[in-house]
Amino acid sequence: MSIQIRSIGPCIGAEVTGIDLREPLTPAQAEEIHAGMDRYAVLVFHNQLLTNEQHLAFTQTLGPLENTARNTLRAAADFRLPPQMADVSNLDGNNKPFARDDRKRLFAIGNRLWHSDSSFKAIPAKYSLLRAVSVPSKGGNTEFAHMGAAYEALDDETKAVIEDLVCEHSQLFSRDLIGFREFSAEERERFKPVRQRLVRTLPRTGRKSIYLSSHAGTILGWQLPEARLLLRDLMEHATQREFVYSHKWQVNDLVMWDNRQTMHRGRPFPVNEARDVRRTTLMGEAPTVAQQDEAVAA
Ligand code: OGA
Ligand code: MN
């Protein structure tokens, strides 16, 4: 079977056909997927009826998994999936939607802010692979914005300003934006900020992108109000519709995105309906910037 990759978005997103993700990938097929990711940043695979184990196995043929445990407030009673998988659904351990005012849900809906996965980790994520097991009757799209195209559309003066800037990222900063501010001492310690470059270069293509995320809350050496305003301006610029692909989910879709050159966000859906989406994550290759000792050791 040969793989076809067809562009579906403005400058981002392609649909992949001619591949069954339950079958082992040949090295040539894996390379076609990596090349497709470099070029389109988001790849959509429809009608992939996978078990969790097949989803994990496919992911591991593309690289080593990231450990996503402890990124959420879910406790053992809410675990539904293998430990290497992130539960991005709105479901508790009994497969029931979390109540509207459940603290775990209110933390989790922070992913409706534009972000890049694990930008709050010293070595942030490479690809994320999200699979839909059930979808709500309306809403719940995932939107993706291309940070390479957004970088290229900046004026030269702004490019020069941001070239060497370093930000601090934390889930505390993104949650602060939606007024979620009550954290225990243990959670504050767990969500301690890490540093990331504001401009990064994709290793295989040399293409630069703005490494932006709602987790970014400070710029080293800048006063906070100026830092927040610059980050806000960049966010507004980078999420204009010309850089965005919006994915409307169907059951058995698997969507894979490159966190190094995109941001994404979830969109709202009815609170009492199930949206069962499950994610595997590939580990990044290196930190974007040297970390303070404690952050690297964590
Ligand atoms: C994610 C994520 C958004 C969504 O899986 O990392 O942010 O639409 N998902 O579920
Ligand atoms: Mn995410």
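First listed ligand is number 1; within each ligand, the first listed atom is number 1.
Residue His264 has at least one heavy-atom neighbour below 4.0 Å for each of these atoms of ligand 1: 1 (C), 2 (C), 6 (O), 7 (O). Residue contact check: Asn111 has heavy atoms under 4.0 Å from atoms 2 (C), 3 (C), 7 (O), 9 (N) of ligand 1. Using a 4.0 Å cut-off to heavy atoms of Thr142, the atoms of ligand 1 that qualify are 4 (C), 8 (O).
At least one N or O atom of Asp117, backbone or side chain, sits closer than 3.5 Å to an N or O atom of ligand 1. Taking distance alone, with nitrogen or oxygen atoms compared against 3.5 Å, Trp257 stays at or beyond that limit from ligand 1. Below 3.5 Å of separation, one finds an N or O of Arg275 facing an N or O of ligand 1.
Note: Phe107 and Phe191 have parallel aromatic rings, judged against thresholds of 30 and 60 degrees for the angle between ring planes.
Residue contact check for ligand 1: His115 places a non-hydrogen atom closer than 4.0 Å to it.
Side chains of Val88 and Arg278 form no contact here, defined as non-hydrogen atoms less than 4.5 Å apart.
Salt bridge absent: Arg279 and Asp87 never bring a charged side-chain N and a carboxylate O closer than 4.0 Å.
When atom types are taken as modelled, the side chain of His55 and the backbone of Leu21 share no donor-acceptor pair closer than 3.5 angstrom.
Ring pair Tyr245/His264: centre-to-centre distance not below 6.0 Å.
The closest side-chain donor-acceptor pair between Ser213 and Ser116, if any, does not fall under 3.5 angstrom.
Relative to the six-membered ring of Tyr151, Lys159 meets both conditions, a distance below 6.0 Å and an angle of at most 45° to the axis. Remark: Arg200 is positioned above the aromatic ring of Tyr211, its terminal NZ or CZ atom under 6.0 angstrom from the ring centre and at most 45 degrees off the axis.
Counting only heavy atoms of the protein, atom 6 (O) of ligand 1 lies nearest to Arg279 NH1, 2.7 Å.
Residue-level proximity to ligand 1 for Trp114 is absent, since no heavy atom of it falls below 4.0 angstrom.
The atom of Asp117 nearest to the Mn ion (ligand 2) is OD1, with the search restricted to N, O or S atoms.
The Mn ion (ligand 2) is the vertex of the angle joining NE2 of His264 and NE2 of His115, which measures 90° to the nearest 10°.
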